[in-house]
Protein chains: 2
Amino acid sequence: MTRMSPDARRQTIVEAAQAVARRKGLSATTVRDVAEEMGTSSGLIHHYFASMDQLLAEVFSQVAEADLSATRERMDGATSETGRLAAYFDAWADPDNDDIFQFWLDAWSEASRNEAVQERSRALNIEWQGLLSEVIETGIASGEFNQVDAEAVSWTALSLLDGMSLQVVAHPTVIERGKAAQWAANSTERDLGLPLGTLRAASVIA
Amino acid sequence: MTRMSPDARRQTIVEAAQAVARRKGLSATTVRDVAEEMGTSSGLIHHYFASMDQLLAEVFSQVAEADLSATRERMDGATSETGRLAAYFDAWADPDNDDIFQFWLDAWSEASRNEAVQERSRALNIEWQGLLSEVIETGIASGEFNQVDAEAVSWTALSLLDGMSLQVVAHPTVIERGKAAQWAANSTERDLGLPLGTLRAASVIA
DNA sequence: AACTCTATTGCGCGTGCGTCCAATAGCGAA
DNA sequence: TTCGCTATTGGACGCACGCGCAATAGAGTT
């Protein structure tokens with residue numbers, strides 16, 4: 001393999017591992033798989049990562065962080081807090097994100113057996129909830145939403161979205177994706193004291 | 001090991017495998033673990049199960065079905081539909097069920113890559129949702145609940161409970177268990193048009 | 001052109017896995 | 001009591017894993 005700078009090589013490895021993990025799943029990805037994917041030797045992987053667990057944690061981390069940034073960008077386009085909340089829900093319902101959600105399923109399953117993954121997964125989940133919480137608090141301050149418990153509603157909405165996605169991704173066809181999105185939006189609207197349909201309307205506009 | 005009838009032996013093996021899986025996780029359970037757990041040889045396991053995958057699938061199936069029956073029994077003790085719903089939520093929040101929920105996480109992660117697991121997981125999830133849906137429909141008919149869309153509310157509640165459990169089990173300490181239970185109950189009460197606190201009150205009585 | 005530094009190689013180590021099979025033991029029928 | 005059937009044993013086999021190390025190769029410097 002052509003020689004590379006350490007930083008570039010590290011990133012190459014993570015990207016190769018990511019490609020394998022999308023195909024085989026996070027926990028089924030092996031050192032040899034990754035080496036073969038990038039056409040190098042297994043020794044190289046260990047030269048850059050102290051353990052396989054750490055490589056897998058890094059892979060998950062990068063995928064999830066990119067998704068978080070993409071969602072933040074989608075939300076930045078909106079003008080109201082209602083619009084930002086709608087963008088958050090839209091990002092979740094996007095079929096393009098199904099592969100990414102599979103990473104989350106793998107990570108949650110893996111968390112109990114891989115400390116590095118658990119730590120990354122916990123931190124990232126808190127970031128997603130924090131993003132939601134910010135929107136809700138700002139929306140309350142601006143008078144768009146009722147005076148609700150932002151922590152409670154943000155965890156509730158995040159859990160609901162996770163649970164719905166889970167059904168859609170792990171058991172395709174058990175719930176129709178559009179219905180799931182609608183139900184999640186309606187329930188959250190009730191939690192926030194918004195008229196039903198507010199989020200749907202805001203997402204069409206944005 | 002003392003000689004046994006084939007049926008009894010099969011069940012003995014499944015139970016031993018279940019005990020190991022609760023400790024180490026489904027995917028980390030090995031033939032040798034199971035043999036050692038029941039004080040016998042590894043050859044015996046393969047005399048009764050064509051492959052390890054089949055044994056693990058059987059374990060998941062039995063654990064999940066037993067959990068479903070146990071929940072049904074808890075609910076049978078209640079006198080109103082509100083009480084039955086509260087019992088359903090109580091069963092979910094029970095810390096004893098954490099290791100069972102870890103099985104679900106494993107199953108959902110595995111579902112997209114293992115058809116047999118996906119099929120069992122889907123069917124069992126539908127049974128859980130159906131149980132909830134029945135209670136809601138009966139409760140509407142009896143006038144205990146508002147006239148809501150039972151399918152929507154049951155999937156919403158199930159997803160919310162799954163999502164909350166996920167945080168509690170995969171990321172211990174990120175949300176306090178009691179709060180999660182409370183938030184899930186409150187959101188479902190809003191979906192059903194019940195006064196807040198109804199479920200908590202009903203569960204204390206039952 | 002010679003040298004140095006380090007990214008990269010490739011294989012071997014120990015472990016643990018699922019699977020398989022020839023040998024054994026023990027119950028029930030004859 | 002003897003015999004036959006089958007539940008049970010226990011170890012061998014081949015494979016794949018993560019990991020580590022001594023050897024190599026190739027780019028940049030002098």
Side-chain angles (χ1 to χ4, degrees), chain A residues 1-21 23-61 106-107 109-118 120, chain B residues 1-21 23-60 106 109-110 113-117:
Chain A
M1 205 65 205
T2 65
R3 210 181 163 89
M4 262 182 148
S5 85
D7 282 357
R9 177 57 75 203
R10 248 187 97 90
Q11 193 52 33
T12 306
I13 292 172
V14 173
E15 276 158 21
Q18 184 175 319
V20 175
R23 257 182 279 124
K24 303 186 51 177
L26 208 57
S27 64
T29 300
T30 73
V31 175
R32 285 166 176 82
D33 285 336
V34 178
E36 191 177 349
E37 173 78 17
M38 54 191 288
T40 69
S41 64
S42 73
L44 189 62
I45 277 82
H46 283 101
H47 190 257
Y48 288 94
F49 292 89
S51 78
M52 190 57 187
D53 277 359
Q54 284 185 33
L55 172 54
L56 293 180
E58 182 65 28
V59 167
F60 167 67
S61 213
D106 293 347
S109 160
E110 191 75 1
S112 64
R113 290 174 284 272
N114 181 335
E115 190 125 358
V117 167
Q118 176 175 143
R120 295 306 301 149
Chain B
M1 204 67 204
T2 65
R3 212 180 162 91
M4 262 181 147
S5 85
D7 281 358
R9 175 59 74 204
R10 249 188 96 91
Q11 193 53 31
T12 305
I13 293 172
V14 173
E15 277 159 20
Q18 184 177 318
V20 176
R23 258 182 277 124
K24 305 188 49 176
L26 210 54
S27 62
T29 300
T30 73
V31 176
R32 285 167 176 81
D33 286 337
V34 178
E36 191 177 350
E37 174 77 17
M38 55 190 288
T40 173
S41 66
S42 74
L44 188 62
I45 277 83
H46 283 97
H47 190 256
Y48 288 94
F49 291 88
S51 79
M52 191 59 187
D53 275 359
Q54 284 184 33
L55 171 55
L56 293 180
E58 183 66 28
V59 167
F60 169 65
D106 293 345
S109 161
E110 192 72 4
R113 290 175 286 263
N114 180 335
E115 191 123 359
V117 168

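All heavy atoms count here, side chains included; hydrogens, waters and symmetry mates do not. First the proteins, then the strands, lettered A, B, ... as listed; each starts at 1.
To the nearest 0.5 angstrom, A:Leu56 atom CG is 10.5 Å from A:Glu58 atom CD. Taking CG of B:Leu26 as the reference point, atom OG of A:Ser109 lies at 9.0 Å (rounded to 0.5 Å). To the nearest 0.5 angstrom, B:Arg9 atom CZ is 10.5 Å from B:Arg3 atom CZ. Rounding to the nearest 0.5 Å places CG of B:Leu55 at 8.5 Å from OG1 of B:Thr29.
B:Ser27 is listed as a side-chain neighbour of A:Arg113, based on a closest heavy-atom distance under 4.5 Å.
Listed by residue number, the members of residues 3-11 of chain A with any heavy atom below 4.0 angstrom from DNA chain C are A:Arg3, A:Met4, A:Pro6, A:Arg9.
Atom P of nucleotide D:dA22 and atom NE2 of A:His47 are separated by 14 Å, given to the nearest angstrom. B:Leu44 places its CG atom 16 Å from the P atom of D:dG11, with the value rounded to the nearest Å.
With axes fitted over five pairs at each extremity, the angle between the ends of the helix from C:dA1-D:dT30 to C:dA30-D:dT1 is 10° (10° resolution).
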Protein-nucleotides 18-20 of chain D N/O pairs under 3.5 Å:
residue, atom, partner, partner atom, Å
D:dG18, OP2, A:Val31, N, 2.9
D:dG18, N7, A:Arg32, NH1, 2.9
D:dG18, O6, A:Arg32, NH2, 3.1
D:dC19, OP2, A:His46, NE2, 3.3
D:dC19, OP2, A:Met52, N, 2.8

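For the pair B:Ser41 and D:dG10, the criterion of a side-chain N or O lying under 4.0 Å from OP1 or OP2 is not met.
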Side-chain polar contacts of residues 10-19 of chain A - donor-acceptor pairs under 3.5 angstrom, sequence neighbours left out - could you list them?
residue, atom, partner, partner atom, Å
A:Arg10, NH1, A:Tyr48, O, 3.0
A:Gln11, OE1, A:Gln62, NE2, 3.2
A:Gln11, NE2, A:Glu15, OE2, 3.2
A:Gln11, NE2, A:Gln62, OE1, 2.9
A:Thr12, OG1, A:Ala8, O, 2.8

Return a table of donor-acceptor pairs under 3.5 angstrom between the side chains of residues 32-44 of chain A and protein atoms on other chains or two or more places apart.
residue, atom, partner, partner atom, Å
A:Asp33, OD2, A:Lys24, NZ, 2.8
A:Asp33, OD2, A:Thr30, N, 3.2
A:Asp33, OD2, A:Thr30, OG1, 3.1
A:Glu37, OE1, A:Arg23, NH2, 2.5
A:Glu37, OE2, A:Arg23, NH2, 3.4

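Chain B approaches DNA chain C over the interval C:dC17 to C:dC27, counting the first and last nucleotide 5' to 3' with an atom under 4.0 Å from its heavy atoms.
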